[in-house]
Number of protein chains: 2
Amino acid sequence: MTDLLSQRGDMDANETQPNIAPGGKRDRLIGAAKTLFYQRGVEQTSLADIAGAADIALGNVYYHFRTKDALVEAVIAAHGKDILDSLAHLNAESDPRARLRAYVRGGLKHQTQLARYGCPYGTLCAELDKSGGSAAQSASTLFNLYLEWLERQFRELARPDAAELALETLAAVQGAYVITQATHSPQHLERQVARLDRWLAELEGGAA
Amino acid sequence: MTDLLSQRGDMDANETQPNIAPGGKRDRLIGAAKTLFYQRGVEQTSLADIAGAADIALGNVYYHFRTKDALVEAVIAAHGKDILDSLAHLNAESDPRARLRAYVRGGLKHQTQLARYGCPYGTLCAELDKSGGSAAQSASTLFNLYLEWLERQFRELARPDAAELALETLAAVQGAYVITQATHSPQHLERQVARLDRWLAELEGGAA
DNA sequence: GTCTATACGCCGATAGAC
DNA sequence: GTCTATCGGCGTATAGAC
């Protein structure tokens, strides 16, 4: 999980400088794959679909990624970067309680997508886990990014049970996403988010 | 959702009495499919896998189910029956609070499986939802069975917010399952279940 | 009803021209 | 680096003997 974000896939094989420009193509492939994997699932998305969405010839995909699995890993790494970016954004909030409340309310921004396709990370983890490949382990690290951040916030609230609260919070959010997708009801998400926001607002714990 | 459990698949086409014996073969196919769909996912499970696990020739599968989708629907119906059975079992508890607590503790019986493959119904719903087929709608009815039962229990506890509490409970349980699978940690499930059990024990509400 | 054999299409991956 | 063409394998579904 340490070098999850520093790795650039599997390009730098043995050449000193394979290509200076990181190339829009590689990023376009990852972006298209990220979207399609999320909407249709990994197994239901063919490399031809991804290449088409990224306007790249099918055979050329293999220049950037040796196998489909390598592309999956790159998408996971891109998700990790997205998560770190959003957490950095949350850190701009004034105090830990405000950060936590902004975190749970953040799901409302993707209400429609969540109701259709569920949580991008949760559903990806669940699918890869059943496939049994090595990518499952990489995907589970995405949750750890959230857990560590959550635990830090609760510690700053001087809560001795910070680790417990972090798990409880993540579980509550994930549960809300699951029933939101299953029922296709964005209203359910609003209700659960409002409840969690209230819970955090009333949670005991002084600022550090 | 009404006739989810009464349908027997798509056998009774136009024959008066196609076959008296419901046949162990059909049930064996459904049982094998239920297990494999759960462990590997629907898309990753081929009909050859299922036929092999059920000791039935591949071509013969199509005598019992016109398409793979029909088999998926039959598995969903079987899940519905399992759920109703387990709920009927819970109804043997003396009072609604005891029934609710027995429900959340029930997950501990499948701790190992949950840590490996997640919730059988939740992961199935999530996968089918992305595939876009008609089976997704059928799968979502499984959650409704739980929601209706949960709401009934909270109503018997004289809670005016019974529907809200039902959603909250189901979301909490599903969230616990998601992080249990993602972290492969049965201990996390124990922790969350214990917390929910305590919450239910201390929840205000008199017996009806 | 149950089986074997096979049609047909799609997908991951490769070869090789440019 | 990028493209076209294609191989090999697998999966759903069907045909037809028994």
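The shown structure was predicted, so the numbers you read here are calculated from the model rather than taken from an experiment. Residue numbers start from 1 in every chain, and the chains themselves are labelled A, B, ... in the order their sequence lines are given, proteins ahead of strands.
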query = What pairs meet the salt bridge (charged side-chain N to carboxylate O under 4.0 Å, His left out) rule with one or both residues in residues 29-39 of chain B, with sequence neighbours excluded?
reply = B/Lys34-B/Asp82

Side-chain donor-acceptor distances from residues 106-121 of chain B under 3.5 Å, at least two apart:
unit_1, atom_1, unit_2, atom_2, d
B/Gln111, NE2, B/Pro186, O, 3.1
B/Gln111, NE2, B/Glu190, OE2, 2.7

query = Has B/Tyr63 got a side-chain N or O lying under 4.0 Å from the OP1 or OP2 atom of C/dG1?
reply = yes

query = B/His64 side chain N/O closer than 4.0 Å to the phosphate oxygens (OP1, OP2) of C/dT2?
reply =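 The answer is yes; a side-chain N or O of B/His64 sits under 4.0 Å from OP1 or OP2.
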
ask   = Using a distance-only test with no angle check, is there a side-chain donor-acceptor pair under 3.5 angstrom linking A/His188 and A/Thr183?
value =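 Their side chains do contain a donor-acceptor pair, which is all the 3.5 Å distance test asks for.
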
Using salt bridge (Lys or Arg N to Asp or Glu O under 4.0 Å) as the criterion, list what pairs up with [X], not counting sequence neighbours.
X: B/Glu164; result: A/Arg191
X: A/Glu93; result: none
X: A/Arg198; result: none

query = Quick one: B/Arg26 CZ to C/dT2 P, roughly how many Å, whole number?
reply = 13 Å

ask   = Quick one: side chain to side chain donor-acceptor pair (under 3.5 Å) partners of B/Thr123, sequence neighbours excluded?
value =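 Counting only residues at least two positions away or on another chain, B/Thr123 forms a side chain to side chain donor-acceptor pair (under 3.5 Å) with A/Lys130.
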
task = For nucleotides 3-18 of chain C, just jot down a letter per nucleotide in 5' to 3' order: B, S or -, based on protein non-hydrogen atoms under 4.0 Å.
result = SB------SSBB----

note = Contact check, residues 29-41 of chain A vs DNA chain C, heavy-atom distance under 4.0 Å, returns none

Distance-only check: which donor-acceptor pairs under 3.5 Å involve side-chain atoms of residues 42-49 of chain A, not counting sequence neighbours?
unit_1, atom_1, unit_2, atom_2, d
A/Glu43, OE1, B/Gln44, NE2, 2.8
A/Glu43, OE2, B/Gln44, NE2, 3.0
A/Gln44, NE2, B/Glu43, OE1, 2.8
A/Gln44, NE2, B/Glu43, OE2, 3.0
A/Thr45, OG1, A/Leu36, O, 3.3
A/Thr45, OG1, A/Gly41, O, 2.8
A/Ser46, OG, A/Ala48, N, 3.4
A/Ser46, OG, A/Asp49, N, 3.1
A/Ser46, OG, A/Asp49, OD2, 3.1
A/Asp49, OD2, A/Arg40, NH1, 3.1
A/Asp49, OD2, A/Ser46, N, 3.2

